[in-house]
Amino acid sequence: MRTIVGVVGCVLLGLTVACGPGTTAPTASHQSSASAAQLSPDQALGVFRAFGPAFDSVRQNDAPAQAIELTTGIQTPAQIFQITTARSRPSLTVPPAGSVTGARVYVPRLRSFPRWFLATGTASSTSQAVLFVLVQASRGATWQAAISTPNYLGDMAGALSSIALDSAGYATVVAPDASGLVVSPASLAAVYARDLNGKPGATLFAAGPATSGITASDRQISAQTTTFGWRLTDVQRPARLPVYALRSKNGGAVVIFVTYDQFSWTALSAAAQLPKSNTQAAQLTYEPSPDVARAAGVTRVRAGLRISLNAFGQCIAEVPPSGAGLISVPLYSGGLVSITKS
């Protein structure tokens with residue numbers, strides 16, 4: 001499975017930042033004719049510190065308009081889902097993270113809008129690492145979260161520590177269509193989705209929890225769902241959203257990208273089980289949980305009924321230079337945007 005167990009219980013984290021010292025079709029997102037002053041690491045840390053309480057209050061205030069103002073890309077529908085659908089269904093929500101300690105930022109040299117940077121730290125409520133990509137679309141515009149990822153599958157620390165910084169502490173942007181890498185940043189989501197979907201051909205990815213571990217989990221869950229009267233399908237697609245890539249110390253790139261993931265149960269007959277409580281089987285996604293069924297508007301089962309979790313995955317990949325090894329994906333973090341029936 002595409003960590004849907006984690007998606008159902010861990011969709012979006014709000015945060016309050018307590019800072020210590022410390023691409024589109026992926027082309028146009030990092031290009032603009034408007035010039036911008038270079039953001040310094042200290043300024044970025046200040047932005048992150050100010051952004052945290054505002055982002056936290058979106059969930060506290062059930063404020064869709066505020067969610068739209070403070071998010072962009074996949075984060076907007078994910079945050080709206082939390083406010084409108086998940087809040088009354090315990091297994092689909094996650095509490096705000098509270099304060100984020102040990103904050104650190106990675107600021108690329110960018111002299112045009114949109115401009116962006118990475119921010120990371122540890123959420124006090126979960127003791128898990130979180131990663132944000134904050135984007136400012138134009139001069140004076142509100143900073144928005146394009147990526148917000150709790151670290152529940154994998155470990156981002158190694159990838160972030162591999163980002164190359166110059167003598168002034170700045171990172172270097174890698175263009176979406178950059179050559180000289182195993183895969184260009186712009187192509188990475190499609191190649192990764194193809195690999196997880198089990199398409200034939202040699203893999204470009206190293207074994208790990210977010211690569212071979214996901215496909216092995218899918219096979220195991222698929223074998224179990226039929227016991228409960230359901231057939232599992234789980235399909236990844238590349239998201240045509242910006243990619244965020246920074247040069248790594250080995251001459252490759254650390255790339256943050258998004259995929260779409262539809263995880264569906266199809267009833268083999270009208271006798272397929274629809275539990276009245278959150279059973280262990282439902283927690284393991286062998287059958288739809290009551291919260292999932294209610295969100296989809298399902299009250300009875302018929303043969304062929306399909307219940308789908310429409311989700312996304314936010315990934316960090318370490319892409320080496322061409323000929324220098326396999327791509328590693330040390331982190332995959334998912335979220336939901338809708339639950340539907342057909």
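As the structure is a prediction and not an experimental result, all values here were calculated from the model. Positions are given from 1 along the sequence.
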> Just wondering, are more than 12 heavy atoms of other shown residues or ligands nearer than 6.0 Å to CZ in Arg306?
Replying inline: yes
> For Val337, does its backbone N or O pair with a side-chain atom of Gln82 as donor and acceptor, under 3.5 Å?
Replying inline: no
> Should Val191 and Leu326 be regarded as members of a common hydrophobic cluster, given that ILVMFWY residues are connected when their side-chain heavy atoms come within less than 4.5 Å of each other, either directly or indirectly?
Replying inline: no
>> Quick one about Thr259 and Gln236 (side-chain donor to acceptor, distance below 3.5 Å, no hydrogens or angles considered), yes or no?
In response: yes
> Got a salt bridge between Asp166 and Arg109, using NZ or NE/NH1/NH2 to carboxylate O under 4.0 Å?
Replying inline: yes
>> Test side chain to side chain contact (heavy atoms under 4.5 Å, CB included) on Ser162 and Val254; report intermediate values, then the result.
In response: CA-CA 8 Å; Ser162 73; Val254 173; 3.4 Å; yes
> Taking the side chain from Gln144 and the backbone from Glu69, do they hold a donor-acceptor pair closer than 3.5 Å?
Replying inline: yes
> Restricting to pairs with a member in residues 198-214, which pass side chain to side chain donor-acceptor pair (under 3.5 Å), not counting sequence neighbours?
Replying inline: Asp195-Thr203
> So, for Pro41 and Gly169, which heavy atoms are closest and what is the spacing to 0.1 Å?
Replying inline: CG-O, 4.1 Å
>> Quick check for you: to the nearest 0.5 Å, what is the distance between Arg104 atom CZ and Leu131 atom CG?
In response: 12.5 Å
> What pairs meet the ring pair (Phe, Tyr, Trp, His ring centres under 6.0 Å) rule with one or both residues in residues 275-294, with sequence neighbours excluded?
Replying inline: none
> Leu196 and Ala210: which non-hydrogen atoms are nearest, and at how many Å?
Replying inline: CD2-O, 4.1 Å
> Can you check whether Val255 reaches Leu246 side chain to side chain, under 4.5 Å on heavy atoms?
Replying inline: no
>> Checking the side chain of Ser289 only, and the main-chain atoms of Val292 only, is there a donor and an acceptor separated by less than 3.5 Å?
In response: yes
>> To the nearest 0.5 Å, what is the distance between OG on Ser333 and CE on Met156?
In response: 7.5 Å
> Is there a donor-acceptor contact under 3.5 Å from the side chain of Ser187 to the main chain of Val183?
Replying inline: no
>> Tell me if the CZ atom of Arg300 is crowded by more than 12 foreign heavy atoms within 6.0 Å.
In response: no
> Could you give the distance from CG (Leu284) to OG1 (Thr279), rounded to the nearest 0.5 Å?
Replying inline: 8.5 Å
>> Under the side-chain contact (heavy atoms from CB on, under 4.5 Å) test against Leu336, which residue among Asp261, Leu309, Thr85, Asn310 passes?
In response: Leu309
> Mind checking whether Gln314 and Gln75 have side chains closer than 4.5 Å, heavy atoms only?
Replying inline: yes
>> Asn250 vs Ser248, test: side chain to side chain donor-acceptor pair (under 3.5 Å). Steps then yes/no.
In response: CA-CA 5 Å; Asn250 67 358; Ser248 57; 2.7 Å; yes
> When you look at Asp155 and Leu331, which way does the side chain to side chain contact (heavy atoms under 4.5 Å, CB included) test go after all the steps?
Replying inline: CA-CA 6 Å; Asp155 183 358; Leu331 182 134; over 6 Å; no
>> In this structure, is the centre-to-centre distance between the rings of Phe132 and Trp143 below 6.0 Å?
In response: no
> Looking at Ala267 and Val301, what are the two nearest heavy atoms and their distance?
Replying inline: CB-CG1, 3.6 Å
>> Taking Ser138's backbone N and O only, do any of them form a donor-acceptor pair with Arg115's side chain (distance below 3.5 Å, no angle check)?
In response: no
>> For the backbone of Val107 and the side chain of Trp116, can you confirm whether one donor and one acceptor N or O come within less than 3.5 Å of each other?
In response: no
>> Starting from Leu268, can I reach Leu274 by hopping between I/L/V/M/F/W/Y residues whose side chains sit under 4.5 Å apart?
In response: no
> Got a sec, which residues hit ring-ring contact (aromatic ring centres under 6.0 Å, His included) with Phe205, two or more places apart in sequence or on another chain?
Replying inline: Tyr192
> Is there a side-chain contact between Leu165 and Tyr170, using heavy atoms and a 4.5 Å cut-off?
Replying inline: no
> Rounded to the nearest 0.5 Å, what separation is found between the CG atom of Leu134 and the CG atom of Leu118?
Replying inline: 9.0 Å
>> Any heavy-atom pair between the side chains of Leu305 and Thr266 that's under 4.5 Å?
In response: no
> Between Ala178 and Ser184, what is the shortest heavy-atom contact and its length?
Replying inline: O-CB, 3.4 Å
>> I'd like to know whether Gln79 forms a side chain to side chain donor-acceptor pair (under 3.5 Å) with Gln66, so could you lay out the CA-CA distance, the side-chain angles of the two residues, the decisive distance to 0.1 Å, and finally the verdict.
In response: CA-CA 10 Å; Gln79 192 80 315; Gln66 190 178 10; over 6 Å; no
> Quick one: CH2 on Trp230 to CD on Glu287, what's the gap to the nearest 0.5 Å?
Replying inline: 8.5 Å
>> For a 4.5 angstrom cut-off between non-hydrogen side-chain atoms, does Ile147 reach Val258?
In response: yes
> Quick check: does any side chain N or O of Thr226 sit under 3.5 Å from a backbone N or O of Gly229, one acting as donor and the other as acceptor?
Replying inline: no
>> Determine whether a donor-acceptor pair (N or O, by modelled atom type, separation under 3.5 Å) exists between the side chain of Ser322 and the backbone of Leu181.
In response: yes
> Would you say Ser148 and Phe55 make side-chain contact, with heavy atoms under 4.5 Å?
Replying inline: yes
> Which pair of heavy atoms, one from Ala50 and one from Pro53, lies closest together, and at what distance?
Replying inline: O-CD, 3.5 Å
>> If you apply the rule side chain to side chain contact (heavy atoms under 4.5 Å, CB included), what do you find for Ile327 with Leu188, and how did you get there?
In response: CA-CA 10 Å; Ile327 301 165; Leu188 186 54; 4.0 Å; yes
>> Check whether Arg247 reaches the backbone of Gly251 with its side chain - one donor and one acceptor, N or O, closer than 3.5 Å.
In response: yes
> Does the side chain of Ile339 come within less than 4.5 Å of Phe81's, by heavy atoms?
Replying inline: yes
>> Parallel, tilted or perpendicular, judged at 30° and 60°: which one describes the rings of Phe263 and Trp265?
In response: perpendicular
> Within a strict 4.5 Å, meaning less than it, do heavy atoms of the Asp291 and Asn278 side chains meet?
Replying inline: no
> Donor-acceptor pair, Arg219 side chain versus Ile214 backbone, under 3.5 Å?
Replying inline: no
>> Can you tell me how far apart CD (Gln38) and CG (Leu110) are? Round to the nearest 0.5 Å.
In response: 6.5 Å
> What's the verdict on side chain to side chain contact (heavy atoms under 4.5 Å, CB included) for Val130 and Val100, showing C-alpha distance, side-chain angles and the deciding distance?
Replying inline: CA-CA 8 Å; Val130 289; Val100 171; 4.1 Å; yes
